[in-house]
Amino acid sequence: MSRDSVQIPDDRDFQTFRTECYSDAGWTMTYSKSGITVWIQILEEERALHKIKCKMECKDVSAEVLYDVLHDIEYRKKWDSNVIETFDIGKLTVNADIGYYAWKCPKPLKNRDVITLRSWLPFGNDYIIMNYSVKHAKYPPKKDLVRAVSIQTGYLIQSGGPKSATLIYLAQVDPRGSLPKWVVNKSSQFLAPKAMKKMYKACVKYPEWKKKHNPHHKPWLYPEQSTLPTISLADVSIQHADSLENIDESSATETKDDRGEASDEDSVN
């Protein structure tokens, strides 16, 4: 999805994202096991640039809990072992904000970060959260991280009743560089399924965790609770991929060190 200016997504954008989540056209299945399915769509083979889609059937987890877990930035720091740093920069509207996220990549690749405009919307009993990259003058690229570009990333949460839900994750991220082919294989066949399993376990534990950690604070549901400064669309601009450093990591070889792939038994208490 290409953009000429920063805009807050409208209902048509959410509907377009939802339609793509359901579409089978152009996708190749790379993993299907234990209620988790992963597909990829190769866009530029020479750079290993691709889209990825993951679907997970969640038992004993409601759509509401999934939605809360994906929003709760303090909880993410507890369960997402790939996080280096994450924080909210400011709010644009009651359902849109600007945020920063830095994450660990598999060794020996350099770690990445993004600045994104994130927006969210309930669709009946379902929910959508999606983001794309923007540029903010106060948060330029860092020397020790590669600034990546989220072209479109998001989640569709479908309610299956009070105790079940389906999560679809769809992402097109330009990592700014030429990646080795093994990265696509490792991402789609190992890292993505493992991340989904870790998220599921975090969802199961969330209600108990939240009881002990500011239980009534959910600004994504109650905007009046937000303490974020209001920022203007004029403060951000489109992050064009071609304006960022492009590094060649295509010859990097996979290592045995599973940095960023911590045990599923990590405590979130």
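Side-chain N or O atoms of Asp80 include one that pairs as donor or acceptor with a backbone N or O of Asn82 at under 3.5 Å. With Asp174 contributing its side chain and Val149 its backbone, the two residues share no donor-acceptor pair below 3.5 Å. Not one N or O on the side chain of Lys53 forms a donor-acceptor pair closer than 3.5 Å with the backbone of Met29. Judged purely by atom type and a 3.5 angstrom limit, Tyr75 uses its side chain to pair as donor or acceptor with the backbone of Ala202. Lys210 places a side-chain N or O within 3.5 Å of a backbone atom of Asn214 that can act as its donor or acceptor partner. In terms of modelled atom types and a separation under 3.5 Å, the side chain of Arg118 and the main chain of Ile98 share no donor-acceptor contact.
Across Asp97 and Gly90, no two heavy atoms sit closer than the pair CB-O, 3.2 Å. Here the closest heavy-atom approach between residue Pro162 and residue Ser62 is recorded as O-CB, 3.4 Å. Residues Trp27 and Ser23 come closest through the heavy atom pair CD1-O, 3.5 Å. Pairing each heavy atom of Cys54 with each of Met196, the nearest pair is CB-CE, 3.7 Å. What you find for Phe17 and Gly154 is that their closest heavy atoms are CZ-C, 3.3 Å.
For Thr153 and Ser150, the side-chain atoms include at least one donor-acceptor pair closer than 3.5 Å. When only modelled atom types and interatomic distance are considered, Asp113 and Tyr100 share a side-chain donor-acceptor pair under 3.5 Å. Judged purely by distance below 3.5 Å, without hydrogens or angles, the side chains of Tyr132 and Gln172 never pair a donor atom with an acceptor atom.
Applying the side-chain contact (heavy atoms from CB on, under 4.5 Å) rule to Ala195 yields no partners; only residues at least two apart in sequence or on another chain are considered. Checked against side chain to side chain donor-acceptor pair (under 3.5 Å), Asp126 has the following partners two or more places apart in sequence or in another chain: Arg18. For Asp235, there are no side chain to side chain donor-acceptor pair (under 3.5 Å) partners at least two apart in sequence or on another chain. Every residue two or more places apart in sequence or in another chain that forms a side-chain contact (heavy atoms from CB on, under 4.5 Å) with Thr93 is listed here: Ile8, Asn95, Ala96. Here Glu20 pairs with Lys51 under the salt bridge (Lys or Arg N to Asp or Glu O under 4.0 Å) rule; sequence neighbours left out. For Asp24, the side-chain contact (heavy atoms from CB on, under 4.5 Å) criterion is met by no residue, not counting sequence neighbours. Taking the ring-ring contact (aromatic ring centres under 6.0 Å, His included) definition, one finds that Tyr200 meets it with nothing, sequence neighbours left out. For Tyr139, the ring-ring contact (aromatic ring centres under 6.0 Å, His included) partners two or more places apart in sequence, or in a different chain, are Phe87, His136. Looking at residues two or more places apart in sequence or on another chain, you find no side-chain contact (heavy atoms from CB on, under 4.5 Å) involving Lys163.
Residue Lys77 qualifies as enclosed at atom NZ: its count of foreign heavy atoms under 6.0 Å is above 12. When the shell of 6.0 Å around CG of Asn125 is examined, it contains 12 or fewer heavy atoms from other residues, nucleotides or ligands.
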Would you give me the side-chain donor-acceptor pairs under 3.5 Å for residues 32-41, sequence neighbours excluded?
none

Table please: side-chain donor-acceptor pairs of residues 224-233 below 3.5 Å, with sequence neighbours left out.
| unit_1 | atom_1 | unit_2 | atom_2 | d |
| --- | --- | --- | --- | --- |
| Gln225 | OE1 | Lys218 | N | 2.6 |
| Gln225 | NE2 | His216 | O | 2.8 |
| Ser226 | OG | Leu228 | N | 3.3 |
| Ser232 | OG | Ala234 | N | 3.0 |

List the atom pairs, with distances to 0.1 Å, where a side-chain N or O of residues 164-171 and a protein N or O form a donor-acceptor pair under 3.5 Å, not counting sequence neighbours.
| unit_1 | atom_1 | unit_2 | atom_2 | d |
| --- | --- | --- | --- | --- |
| Ser164 | OG | Gly160 | O | 2.8 |
| Thr166 | OG1 | Glu57 | OE1 | 2.7 |

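Within the 4.5 Å cutoff, the side chain of His217 has heavy atoms near those of the Pro219 side chain. A 4.5 Å side-chain heavy-atom check between Val114 and Asn131 finds every atom pair outside the cut-off. Met130 places a side-chain heavy atom less than 4.5 Å from the side chain of Phe14. Residues His71 and Leu221 form no side-chain contact, since every pair of their non-hydrogen atoms from C-beta on lies 4.5 Å or further apart. With contacts defined as side-chain heavy-atom distances shorter than 4.5 Å, the pair Arg112/Lys110 qualifies. At a threshold of 4.5 Å between non-hydrogen side-chain atoms, the residues Arg76 and Val83 count as touching. Counting heavy atoms from C-beta on, the side chains of Thr116 and Tyr101 never come closer than 4.5 Å. Residues Tyr206 and Asp72 form a side-chain contact, since some pair of their non-hydrogen atoms from C-beta on lies under 4.5 Å apart.
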Next item on the list: Start with the C-alpha distance between Arg12 and Asp10, add both sets of side-chain angles, then the distance that settles salt bridge (Lys or Arg N to Asp or Glu O under 4.0 Å), and finish with yes or no.
Entry: CA-CA 5 Å; Arg12 286 178 301 172; Asp10 59 21; 3.4 Å; yes
Margin query: Go through it in stages, so that I can follow the logic: the residues are Glu85 and Lys142, the test is salt bridge (Lys or Arg N to Asp or Glu O under 4.0 Å), and I'd like the CA-CA distance, side-chain angles, deciding distance and then a yes or no.
Written below: CA-CA 12 Å; Glu85 184 181 15; Lys142 299 182 178 183; 3.2 Å; yes
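In summary, the aromatic rings of Tyr127 and Trp120 are positioned with their centroids too far apart to meet the 6.0 Å limit.
By the rule that hydrophobic residues join a cluster once side-chain heavy atoms approach within less than 4.5 Å of another member, Ile89 and Ile238 end up as members of one cluster.
One finds the CD1 atom of Ile52 at 12.0 Å from the OH atom of Tyr31 (value rounded to the nearest 0.5 Å).
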